[in-house]
Peer 1: 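Please find one structure pasted underneath; my questions will follow.
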Amino acid sequence: MSAAINIIDKVPFFGGMFQIESNELNPVNTWPSLMAMTSFIWFAIAAILGVSMPAIQFMELGSNWYYQNITLHGAAMAFPFAFQLMVAMSLHRAGACLGKRADDIFVSLFYVFMNLGALLLTVAVLLGFHVTYTVMFPLPLVGASMGQWSMGTLVLGFSGIALVLTSMIFIYPIKILKMSFFEKTDDTLQVAERTLKDPGMIGMIMGVLVLLVTGTPLMIVAGSLLLHLYGIFPAAWIGWAAEPVVFEFVFYIFAHNLMEAMAIMIIGAVYATLPLCTADGSRKLYSDKIAILALWILLVTSVTSFFHHFFTMYPALPSTFAYHGNIMSYATGVGGALTIFTILATIWKHGIIPTPALFLILGGFVMYILDGASAIVISNVAWNFKLHGTMWAGGHAMVVLIAISALWMGMLYYHYPLMTNRTIDDSTARSSIKYLFISYIGLFYTFIAAGAAGMPRRNGAWESDWYIYGVFMIIFGVMLIYAFVLYFLSLTRSKSLDY
Amino acid sequence: MIEYLYTNAWGAFIVLLMFQIPFLIVFFHIVNKKAFIESKPGKTRPEKYSYYRYSWIALVLVAFVVVNSASIKYMPTVVEANSASDPNVKNVDVTASSWAFQFSEREFNVGETVRFKAKSTDTVHSFALHHPDGNLLFTLMLVPGAGTESAVVHTFTVPGEYTVRCLEYCGIAHHAMKNTFTVM
Ligand code: HEM
Ligand SMILES: [Cu+2]
């Protein structure tokens, strides 16, 4: 039996979501199941931290708790939850579509690096390393020199981040590229055959290439700093990398494109899955060509739209880059518009069968588009100066991740019978989707409205005018947790397909 | 009306709803119809699809161009550049460091146009100015070593106490990085 099944079997409750038998499909099922299960454990911890944040403000527990929890919440939700869930599902899909194993050393290394890295970072944050998940360089160094946290916690935190980034930027993309282009096909694993011309596969390959290409400079800069912290590189070698502007730019070129890569990947997966849920069984998109065109537009326009993170540095960011970033951000909206068209035209042309999997996928798509609208609004130079640094920006970062995660959770519903030989509990799934959608809408407009009202993000001492938004965060946050509990139950209550 | 849309953050909220609501209506209508009312292939002719496709993309392009073109004159980058040689603009220097601001001046008169030039001495901060009613007038991101200061030009129109805040997380006392301006 595989190591992954062994671990899953030992974990209470969460393990019950993936009761996998030994069969010939284990190579594409067990590790993805273990990763998905682990990502949900991270979610559970991070969600409680999310609701704790407004509670900390109301109970006046102090800004230290707030900054600790926002760092843990943001980091856990973005990396070991959302990203790991995506990796789980994409490895399963790539394995079953291309007939390649998803249980080799790359997969287990990814798992160890991602989760060990996140654990190290967690320990560092608990020891006082409160830098938020975007690191805010040079804050880690400045904070250590001012005595906000110790040099030791800084080294620990950076080591954790380095492991996480290595798993995302190198291990995962290389594994997907190997599966797509190099490894030998195993026919018994290829249960859902697809070629590399399929929009789903194209989206996945674009996504991992973006991670690899935009992430490598960050790895070089952050790696140099880390080697200096370990005492291997002398200070004279790393002055260039410790330059705040250098770090901030390589960081955001990666971080921005990370989100875009995750979006391209999931849109590709939607293109691949929607046709399988059509009423006429045609298994066709309205148009593959337009779908692929939309992916290309998203890819090329998103690369340079990252400038929207720096508009407000003007004139330290020359205005030409601001206008370029503004235009490219709206151009990604054109890719989004083509996607909307392809999806609606497919539904109109072929009809759909309303399964929970499809509904969660369509619901996640609506979330993604609603969020995308908030993203292009804040990418206009005029509005950016009034919204950057407010809850609007924080809310957008958060809800794009919720939307992408919801889409992958829909994909998990879709693939669940193949992964586990079981079928989800339909009625629990339906109520989960309902609450997920309502709580998403509630959280989304709470954050956006708070931002429009001028409420700062990442502020450890809310003023009384802002409390009302905190009340809604708690209400919809608790509802979101309830929706996830139902989601988990819809899997633990699954029934074996053999009966 | 147009001025309000671009000079108040709630204007951004209104435009956001103008993008979202039509999408929501069309999406739910189509999904509801094709999942529940008649879950079968539509009989629409292929030419109709291409007609809708071109119209939809044209609509999106026009909307994007209009929304952005109308915003140009309100862009702080444009306003600052246009006032470069205006002798009536008063220059004020702002220095941010963990966790306080220093200003060369903190009292202004209604009608006065001020160019704020801001920089940070240690880590990433911002210089953000909130209207007495709570709205954010602007924020400038200050990256140390950026080569030049960040700058914005603002004309005060309403008297009162304005709040200055840092909106870029800068460590354990970030929230305390706060100050006020008086406008008479
Ligand atoms: C369970 C319900 C949730 C609640 C109540 C909640 C609440 C919050 C709060 C209060 C903040 C801090 C805002 C600020 O001060 O700037 C925040 C930030 C954030 N949340 Fe959540 N959240 C929840 C779920 C999620 C989920 C599901 C995700 C991702 C999948 C997520 C990702 C994030 C991210 C990335 C940030 C930004 C952190 C930062 O700015 O450093 N949250 N959330
Ligand atoms: Cu600050």
Side-chain angles (χ1 to χ4, degrees), chain A residues 63-64 67 130 132 136 138-139 142-143 146 148 243-245 248 279-280 310 312-316 319 322 326 330 333-334 337 341 344-345 347-354 362 366 369-370 373-374 377 380-383 385-390 448-449 452-454 456 458-461 465, chain B residues 6 9-10 12-13 15-16 19-20 23 27 30-31 34-36 39-42 44 49 53 56-57 60-61 64 67-68 71 74-77 80-81 98 122-124 126 128 130 134-141 143-151 165 167-172 174-175:
Chain A
S63 51
N64 254 326
Y67 296 140
H130 302 168
T132 82
M136 301 304 295
L139 178 60
V142 173
M146 289 174 72
Q148 299 180 51
E243 211 46 75
V245 185
E248 284 285 319
D280 62 1
F310 299 111
T312 60
M313 282 175 72
Y314 170 84
S319 50
N326 184 339
Y330 276 76
V334 176
F341 182 83
L344 285 180
I347 295 175
W348 190 261
K349 193 166 173 191
H350 301 293
I352 44 173
I353 307 164
L362 292 178
V366 172
I369 295 297
L370 293 182
S374 78
V377 168
N380 170 282
V381 173
W383 284 316
F385 277 75
K386 296 183 179 298
L387 295 170
H388 192 94
T390 70
I448 294 293
R458 298 175 177 160
N459 187 299
D465 286 358
Chain B
Y6 292 106
W10 286 107
F13 191 80
V15 174
L16 174 68
F19 281 140
Q20 290 175 330
F23 162 74
F27 198 92
I30 292 183
V31 168
K34 285 298 169 179
F36 300 112
S39 172
K40 57 176 199 272
T44 313
Y49 283 97
R53 187 174 73 220
W56 165 237
I57 294 303
V60 168
L61 287 175
F64 285 0
V67 161
N68 284 295
S71 78
Y74 302 101
M75 290 179 177
T77 49
E80 201 279 337
S98 305
D122 45 22
T123 186
V124 180
S126 93
H130 285 256
N135 277 314
L136 177 58
L137 293 168
F138 61 78
T139 176
L140 290 181
M141 180 174 176
V143 180
T148 158
E149 290 113 337
S150 299
R165 290 194 180 89
L167 298 189
E168 300 291 338
Y169 176 72
C170 55
I172 56 174
H174 160 63
H175 52 279

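Lettering follows sequence order; numbering is per chain, from 1.
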Peer 1: Just how far is it from atom NE2 of His388(A) to atom CG of Leu140(B), taken to the nearest 0.5 Å?
Peer 2: 10.5 Å
Peer 1: Shortest non-hydrogen contact from Ala452(A) to Ala9(B)?
Peer 2: O-CB, 3.3 Å
Peer 1: Select one option (side chain, backbone, both, neither) describing which atoms of Val381(A) are under 4.5 Å from chain B's heavy atoms.
Peer 2: both
Peer 1: Quick check: closest heavy atoms across Lys386(A) and Tyr6(B), and the distance to 0.1 Å?
Peer 2: CE-O, 3.6 Å
Peer 1: Among Val377(A), Ile353(A), Asn64(A), single out the residue with the greatest number of heavy-atom pairs under 4.5 Å to chain B.
Peer 2: Val377(A)
Peer 1: Going from CD1 on Ile347(A) to CD1 on Ile30(B), what distance comes out if it is rounded to the nearest 0.5 angstrom?
Peer 2: 7.5 Å
Peer 1: Heavy-atom cut-off 4.5 Å, strictly under: side chain, backbone, both or neither for Val334(A) against chain B?
Peer 2: both
Peer 1: Check whether Trp348(A) gets within reach of chain B through its side chain, its backbone, both or neither, counting any heavy atom under 4.5 Å.
Peer 2: both
Peer 1: Report the residues that fulfil side chain to side chain donor-acceptor pair (under 3.5 Å) with Gln20(B), sequence neighbours left out, ordered by chain and then residue number.
Peer 2: Tyr445(A)
Peer 1: Please identify, among Leu139(A), Asn326(A), Thr132(A), the residue contributing the most non-hydrogen atom pairs under 4.5 Å to chain B.
Peer 2: Leu139(A)
Peer 1: Asn380(A): which residues meet the side chain to side chain donor-acceptor pair (under 3.5 Å) condition with it, sequence neighbours left out?
Peer 2: Asn68(B), Ser71(B)
Peer 1: Flag the one option from Ala337(A), Gly333(A), Pro456(A) with the top tally of heavy-atom pairs under 4.5 Å to chain B.
Peer 2: Ala337(A)
Peer 1: If I compare all heavy atoms of Phe385(A) with all of Pro76(B), which pair ends up nearest, and what's the gap?
Peer 2: CG-CG, 3.4 Å
Peer 1: For the interface with chain B, which of Ala279(A), Pro315(A), Ala373(A) has the highest count of heavy-atom pairs at distances below 4.5 Å?
Peer 2: Pro315(A)
Peer 1: May I ask you to name which of Met141(B), Glu80(B), Glu149(B) has the most heavy-atom pairs under 4.5 Å with chain A?
Peer 2: Met141(B)
Peer 1: With chain A, which of Phe36(B), Phe138(B), Phe64(B) has the greatest number of heavy-atom pairs at distances under 4.5 Å?
Peer 2: Phe64(B)
Peer 1: Using a 4.5 Å cut-off on heavy atoms from C-beta on, say whether the side chain of Leu387(A) contacts that of Leu136(B).
Peer 2: no
Peer 1: Report which part of His350(A) has an atom under 4.5 Å of a heavy atom belonging to chain B: side chain, backbone, both, or neither.
Peer 2: backbone
Peer 1: Determine the minimum heavy-atom distance between Pro244(A) and Val143(B), stating which atoms define it.
Peer 2: CB-CG1, 4.0 Å
Peer 1: Heavy-atom distances under 4.5 Å only: say whether Asp465(A) touches chain B with side chain, backbone, both or neither.
Peer 2: neither
Peer 1: Provide the closest heavy-atom pair for Ile172(B) versus Ser63(A) in the form atom of the first, atom of the second, distance.
Peer 2: O-OG, 4.0 Å
Peer 1: Indicate the atoms forming the closest heavy-atom contact of Arg458(A) with His174(B), along with that distance.
Peer 2: O-CD2, 3.0 Å
Peer 1: If we define contacts as heavy-atom pairs under 4.5 Å, which of Leu370(A), Leu362(A), Ile448(A) has the most with chain B?
Peer 2: Leu370(A)
Peer 1: Counting heavy-atom pairs closer than 4.5 Å to chain A, which one of Glu168(B), His130(B), Arg53(B) comes out on top?
Peer 2: Arg53(B)
Peer 1: Below 4.5 Å, heavy-atom pairs only: which of Leu167(B), Thr148(B), Thr77(B) has the largest tally toward chain A?
Peer 2: Thr77(B)
Peer 1: Highest number of heavy-atom pairs under 4.5 Å with chain A: which of Ala151(B), Ala146(B), Ser126(B), Gly134(B)?
Peer 2: Ala151(B)
